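A short write-up of the structure that comes next.
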Amino acid sequence: MKIAIIGSGYVGLVSGTCLADFGHDVVCVDKDEAKIANLLAGVMPIYEPGLAELVAANVKAERLSFSSSLAASIEGAQVVFIAVGTPARRGDGHADLSYVKTVAHEIAANIKSPTVVVTKSTVPVGTGDEIERILAASGTPVACSVVSNPEFLREGAAIGDFKRPDRIVIGAEDEWARNVMTEVYRPLFLNKAPILFTSRRSAELIKYASNAFLATKITFINEMADLCEKVQANVQDVARGMGLDNRIGTKFLHAGPGYGGSCFPKDTLALLKTAEEFSSPVRLVEAVVNVNETRKRAMGRKVIEALGGSARDKRVAILGLTFKPNTDDMRDAPSIAIIQTLLDAGADVVAYDPEGMEAAARLMPDVTMATNVYDAIEAADAIVLVTEWDAFRALDFGRIHNRAKAPVLIDLRNVYDPAQAREAGIIYTSVGRP
Ligand SMILES: NC(=O)c1ccc[n+]([C@@H]2O[C@H](COP(=O)([O-])OP(=O)(O)OC[C@H]3O[C@@H](n4cnc5c(N)ncnc54)[C@H](O)[C@@H]3O)[C@@H](O)[C@H]2O)c1
């Protein structure tokens, strides 16, 4: 089956590559010509484990190609996926649908044969209807069907998630579209991936409801961590005690500096806007958004407190900048607010991240980027673990003690063993643990 993917970012490139790996004939399109030129030269625009190898194998097998021409790429494609960004609109938090609509207009202007147009981008309820209107208004005589197929992959584990999803959600309004989408995902049925057919609007909402629920779980345990600190309980034990209950589950119960990333912050905000528009308040999600927003700066203040109440002229080493490990994605990373709080308080901030420093340097020009973890902590007054990259897990406490002036370690991911850190003479603080 010939498939075109419009937008070759984290989702488009991973989805396109995996669909090619299933045996489909895929072209990944992007308006960013430099990105396409790089992909044609074998240079990945993002860091995602295993992606470069999978792209190379499928290019070699002639199942995967790249183009900056939407018109040429959709010719003969039975399915066109829209995988462009839907960031939060500046000022009001609505999902910015301008990229999606531009693509819909371009598809409408160039479509030549019956096509299933699929939104893989996360879009608010009713966006499929809007795309359908754009296609109809263009006067194209070609039969099209608009489907919602939200993506649930996680950056850092994207290929595994795409190939072995917990579920595939297809929101389609007609039999033809359902049949075509069944063909697209047939290779996954062998892995017994459950496929859920719903209405288009339900599929659109499933994505937001899922992300809002996960964000709620994270925020819940973060507030429990604060309470644990006050009552001398251990949030890791509390989370485990809760999570062993199958109705609750252990996942997304890790206390930390607050959720960030390319999805949860913008998707929770967009859900609030949808709820407002339809006069159906989602007060729980509203509270989650507010609690999480305050938390990130509170983590900056936690560092200042660990420094004895003032960060002025103190050197603070930040370990990990990306919103989570195994990605170079800096979008809405908690490190941004934490570092800003420290800079505002007069700290001198030096940071190290295995993959995120290039993107981070553009966002935080006042931060010194170190060449490795031990350079970052050299002469630091405080060390803050913000992102739990594997490379930081086996930190040599002896070396910290030798290098950092007064070794204060603020572990915002509860990665280290408090007893071991303290035995090594480190002044250790974590999240919700004594
Ligand atoms: N990143 C994730 O983990 C993730 C997971 C699930 C869902 N999503 C959703 O998937 C969508 C895409 O997210 P992403 O992280 O891949 O975004 P991204 O910013 O990494 O990629 C979007 C790409 O689309 C391209 N683009 C924009 N307009 C275009 C046009 N007119 N023609 C061709 N290309 C165009 C951009 O140049 C960019 O390369 C979003 O709606 C997001 O919410 C993301």
Side-chain angles (χ1 to χ4, degrees), residues 4-18 27-39 44-49 51 66-74 80-89 93-110 117-124 127-128 131 134 148-162 165-169 203-204 206-208 210-212 214-215 259-271 322-333 359:
I5 313 263
I6 316 303
S8 305
Y10 287 88
V11 164
L13 186 56
V14 169
S15 310
T17 306
C18 290
V27 54
C28 286
V29 181
D30 208 286
K31 66 169 184 186
D32 181 341
E33 292 186 5
K35 193 175 270 191
I36 293 300
N38 276 333
L39 282 165
M44 293 302 107
I46 54 168
Y47 173 74
E48 180 62 43
L51 184 62
F66 303 102
S67 170
S68 51
S69 165
L70 181 146
S73 302
I74 68 168
V80 176
F81 281 92
I82 303 178
V84 296
T86 48
R89 210 161 62 185
H94 270 289
D96 178 354
L97 291 177
S98 59
Y99 303 99
V100 170
K101 287 185 188 167
T102 303
V103 171
H105 282 286
E106 267 194 78
I107 294 172
N110 291 288
V117 176
V118 186
T119 41
K120 203 160 234 337
S121 301
T122 302
V123 292
T127 305
I131 295 172
I134 291 172
S148 164
N149 169 217
E151 182 50 59
F152 300 98
L153 62 76
R154 297 162 301 166
E155 286 175 22
I159 292 169
D161 285 351
F162 193 91
D166 288 344
R167 78 297 207 191
I168 300 157
V169 174
E204 288 168 337
I206 284 170
K207 175 67 190 175
Y208 283 100
S210 303
N211 275 359
L214 293 173
Y259 63 78
S262 59
C263 292
F264 289 177
K266 77 170 176 67
D267 292 348
T268 44
L269 279 183
L271 182 59
T322 51
F323 82 93
K324 65 167 168 178
N326 297 321
T327 181
D328 56 353
D329 202 336
M330 280 298 299
R331 285 178 281 187
D332 268 315

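In what follows, every heavy atom counts, from backbone to side chain, and hydrogens, waters and symmetry copies are set aside. Note that the structure is predicted; figures quoted are calculated from it, not measured. Just follow the structure's listing: the first ligand is 1, and inside any ligand the first atom is 1.
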**Asked** Is any N or O atom of Gly12, backbone or side chain, closer than 3.5 Å to an N or O atom of ligand 1?
**Response** no

**Asked** Do Ser15 side-chain atoms and Gly12 backbone N/O form a donor-acceptor pair below 3.5 Å?
**Response** no

**Request:** Examine the proximity of ligand 1 to Ser121 and report which part, side chain or backbone, both or neither, has a heavy atom under 4.0 Å away.
**Result:** both

**Message:** Closer than 3.5 angstrom, by distance alone: can the side chain of Glu204 be matched with the main-chain N or O of Gly128 as a donor-acceptor pair?
**Reply:** yes

**Prompt:** ligand 1 versus Cys263, non-hydrogen atoms closer than 4.0 Å: side chain, backbone, both, neither?
**Reply:** side chain

**Asked** Quick one: are Asn211 and Leu271 in side-chain contact, heavy atoms under 4.5 Å?
**Response** no

**Request:** Could you list which atoms of ligand 1 come closer than 4.0 Å to a heavy atom of Ser262?
**Result:** 1 (N), 2 (C), 3 (O)

**Prompt:** If you count the atoms of ligand 1 from 1 in the order shown, which ones are under 4.0 Å from a heavy atom of Ile6?
**Reply:** 32 (N), 33 (C)

**Asked** Would the number of heavy atoms belonging to other residues, nucleotides or ligands and lying under 6.0 Å from CZ of Phe152 be above 12?
**Response** yes

**Request:** Identify the protein heavy atom lying closest to atom 11 (C) of ligand 1, giving its residue, its atom name and the separation to 0.1 Å.
**Result:** Val84 O, 3.3 Å

**Message:** Looking at every heavy atom in both Ser73 and Ala4, which two are closest together, and how far apart are they?
**Reply:** O-CB, 3.8 Å

**Prompt:** Please walk me through it: do Met44 and Leu39 pass side-chain contact (heavy atoms from CB on, under 4.5 Å)?
**Reply:** CA-CA 6 Å; Met44 293 302 107; Leu39 282 165; 4.0 Å; yes

**Prompt:** Polar-atom distance check: Tyr10 versus ligand 1, any N or O pair below 3.5 Å?
**Reply:** yes

**Prompt:** Has Leu70 got any heavy atom lying under 4.0 angstrom from an atom of ligand 1?
**Reply:** no

**Fill in**
Within 4.0 Å of some non-hydrogen atom of Glu151, the atoms of ligand 1 are 6 (C), 7 (C)

**Fill in**
Counting from 1 in the order shown, the ligand 1 atoms closer than 4.0 Å to a non-hydrogen atom of Gly85 are 22 (C)

**Heteroatom distance test (Thr122, ligand 1): nitrogen or oxygen, under 3.5 angstrom** = yes

**Message:** I'd like to know if the side chain of Ser262 pairs up with that of Glu155 as donor and acceptor (distance under 3.5 Å, no hydrogens or angles considered).
**Reply:** yes

**Asked** Any N or O of Arg331 that comes nearer than 3.5 Å to an N or O of ligand 1?
**Response** yes

**Fill in**
On a heavy-atom basis, the closest approach of Ala333 and Thr322 is CB-C, 4.0 Å

**Message:** Tell me whether Ser121 contacts the main-chain N or O of Val84 through its side chain, where contact means a donor paired with an acceptor under 3.5 Å.
**Reply:** yes

**Beyond-backbone contact of Pro124 with Thr86, side-chain heavy atoms, under 4.5 angstrom** = no

**Request:** May I ask you to check if ligand 1 and Asp30 share an N or O to N or O distance below 3.5 Å?
**Result:** yes

**Request:** Of the side chain and backbone of Val11, name the one, both, or neither that has a heavy atom under 4.0 Å from an atom of ligand 1.
**Result:** both

**Message:** Asp267 versus ligand 1: do any nitrogen or oxygen atoms come within less than 3.5 Å of each other?
**Reply:** no

**Request:** Return a yes/no value for Glu155: is any of its N or O atoms, backbone included, closer than 3.5 angstrom to an N or O of ligand 1?
**Result:** yes

**Item:** Test side-chain contact (heavy atoms from CB on, under 4.5 Å) applied to Phe81 and Glu151, step by step
**Value:** CA-CA 11 Å; Phe81 281 92; Glu151 182 50 59; over 6 Å; no

**Prompt:** Would you say ligand 1 has an N or O under 3.5 Å from any N or O of Thr86?
**Reply:** yes

**Item:** Geometric N/O contact Lys31 with ligand 1, under 3.5 angstrom
**Value:** yes

**Complete:** Exactly one of Ile6, Val117, Thr119 clears side chain to side chain contact (heavy atoms under 4.5 Å, CB included) with Val103, and that residue is Ile6

**Request:** Any atoms of ligand 1 less than 4.0 Å from a non-hydrogen atom of Lys266? List them with their elements.
**Result:** 42 (C), 43 (O)

**The single option from Ile5, Ile131, Val118 passing side chain to side chain contact (heavy atoms under 4.5 Å, CB included) against Ile82** = Ile131

**Request:** Using distance alone, decide if ligand 1 has a nitrogen or oxygen within less than 3.5 Å of any nitrogen or oxygen in Arg154.
**Result:** no

**Asked** With a cut-off of 4.0 Å, which atoms of ligand 1 are near a heavy atom of Lys35?
**Response** 38 (C), 39 (O)

